[in-house]
Amino acid sequence: MNKRTLLGALALTTALVVPGAIAQAIPLTTAPAGVGHDYEPLRDAAERSGRYFGFAYAPHLAQQDANYRAIAEREFSMVTAENTMKWESVQPSEGQFNWSGADAVVDFAQANNQEVYGHTLVWHSQLPGWASNISDPTRLSTVMKDHINAVAGRYKGDIAYWDVVNEAFEDNGTRRQSVFQRVLGDGYIEEAFREARSADPNAKLCINDYSTDAINSKSTAIYNLVRDFKARGVPIDCVGLQSHLIVGQVPSTYQQNIQRFVDLGVEVRITELDIRMNTPASQQNIAQQAQDYKKVFEACWAVDGCNGVTIWGISDQYSWIPDVFSGEGAALPWNSDYSVKPALAELAQVMGATTGGSTPDPTDPPTDPTDPPTDPTDPPTDPTPGACEVTASVNSWNSGYTATVTIKNTSSQAINGWELTAALPAGHSLAQGWNAVYTQSGSTLSARNVAWNSTLAPGASVSIGFNANFQGSLGSLSGFTLNGAACN
Ligand code: 9MR
C-alpha cells in the first residue's frame, strides 16, 4: 500500500475545495458528443503498437467543460498533470503539502484505466520563493530530496514515469543556472535521480527538456549526460523531448535524434507536443501542421523504444501558447470548438486507427442510424422554404478538406429533428464527420442530427463538420436543404 492510500482519509479532509466547483459542473448527460471524429479511441490504436497516446490534464477543466472531459476519457492512455504536480502546487510552503490537484490527476487516470506521467520533481520554474531563495547547499540538498521523497513516495506505484529533472540545460548545451545548479553544482541531477529511484523503484525516471528535438548542442548535452549516467550506473530510464514545435519546422534530424537516445539504452517519449502558428491560422498553415503532426508521429512510431506521444492539452481554447507567444496558437489537434483539425486525421492514420461510424457521447443512449431523424414522439417540423440559413467554411489541403457548417433556424418555429443535405462537387468523398450522422449517396451529402442537437429553437444554430477527400478542383458546397426545404 502506498502513502497515498494510507493517507487517503486525511487527504480528503485537507483537500483544497474550490467553492462552487461541483455546482458549476456541466452534467455529462446533456453534453454534446464533442469527440469530433469517427476513429476508434486513439488510445486503442496506440496500444496496438505498444505505445501510448497522452495529454496534459488540468482537473478543473474536466469539471467545467464536458467536451474536454469526454475527449480526455476516450482518447488517451497516459495522463500528465499540466500543472498540479509541480513544486508550487504540492509544496507551496515548506513542509505544507497540498495534494488535492495531484490526487485529482491520479484519480482521474485510474478511473479511466490510464497511466500517469508525473511532471515534475525538480524544475527552476513554478518553484516557490521559499525554495528558490535557499543559498545553503546542505539545506537545499535536504529540501530537494525531501520534496522528491514526499511526492514520489506518496504516489509510489501509481506513476509510470517521472520527469525527475526538467529543463536543466541552456540552448548552447551549458547547464541552466537554476538555484539547484548554482547552489549544488553539477551533481544535483544525479542526486535527484538517485533519490527518485529510492522513493519509487518502479517508476521510470526521465530527464525532460524543450528545443532538444533536433540533434543540436542542447540535445547533445543531454545525450552526454545520459551516456555518463548509463556508464556509471546512475538510474535513468527515459528522455523526454517536449516538442513544442513551430509549424513547418519539424527538425530533419528528429527521428535520428530519437534513435541515438534509444541506442544509449533509454526510452524516448514525446512529452509535450504542440505545433503553433500565427493566428488567425491560415489554411496553408493548418495543412502544413497536419503534415508536421504526421512527421512527429511517424518518427516516434518508426523507432522501437519511442514509446508514446503526449500532446500538451486537448483544444486550442486552453493552450498555454497565446499567453506566452502573443499572436500565436492553433497548436493542438482540436479547435477551440472541439472540431478537429486535419492534423488529427494524420496522426490517427499513423497510429493505424480504424474508423467506425460517428463517435457517440459515451453517456448518450445509443441512436439507431436507421431511425428517422426525429424524436419519435414529435414528427419533424418542416421549416417553410427559406427558413434556414447555412454557412460553411472550408480548410483545404492538396487532396482533402475540413468543412465546418453552421445551420441556423431562421423560422419562428422550433425544428425537432433535422436532416441537412448538400451537393458535393464531383470527385468528392466523405471521410468522417462529427456532431451529426453522415451518409453520402452519389454527390448528395446528408447529415442528420444526433440526440443532443436534434432540437433547433427559433434563431438557434448548430455547428457540424466533416472531412472529405477530393480529386481535381476543390469547387464549392451548394444546394443546402433542411428537412427537404432549401436554405438561404
Ligand atoms: O502549460 C503550462 C502552463 O499552464 C503554465 O502556466 C506554465 C508555467 O511555466 O507551464 C506550462 O507547461 C510547461 C511545462 O510544465 C514544461 N515545459 C513547457 C510547458 C509550456 O510552458
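Numbering of ligands and ligand atoms starts at 1, following listing order. Keep in mind the model is a prediction, meaning the values are calculated, not measured.
Take Glu82 and apply the side-chain hydrogen bond (donor to acceptor under 3.5 Å, both in side chains) test, not counting sequence neighbours, and it matches no residue. Residues meeting the salt bridge (charged side-chain N to carboxylate O under 4.0 Å, His left out) test with Arg194, sequence neighbours left out: Glu190.
Pocket lining of ligand 1, defined as residues with a non-hydrogen atom under 4.0 Å away: Glu82, Asn83, Lys86, His119, Trp123, Ser125, Gln126, Asn166, Glu167, Gln242, His244, Glu272, Trp312, Trp320.
Residue pairs meeting the ring pair (Phe, Tyr, Trp, His ring centres under 6.0 Å) criterion with at least one partner in residues 258-284, sequence neighbours excluded, are Tyr223-Phe261.
Although no hydrogens or angles enter the test, the distance criterion places a donor-acceptor pair under 3.5 Å between the side chain of Gln289 and the main chain of Ile275. With hydrogens and angles disregarded, a donor-acceptor distance shorter than 3.5 Å links the side chain of Asp337 to the backbone of Ser339.
Ion pairing of Glu115 with Lys204 is absent here, as no side-chain N (NZ or NE/NH1/NH2) approaches a carboxylate O to less than 4.0 Å.
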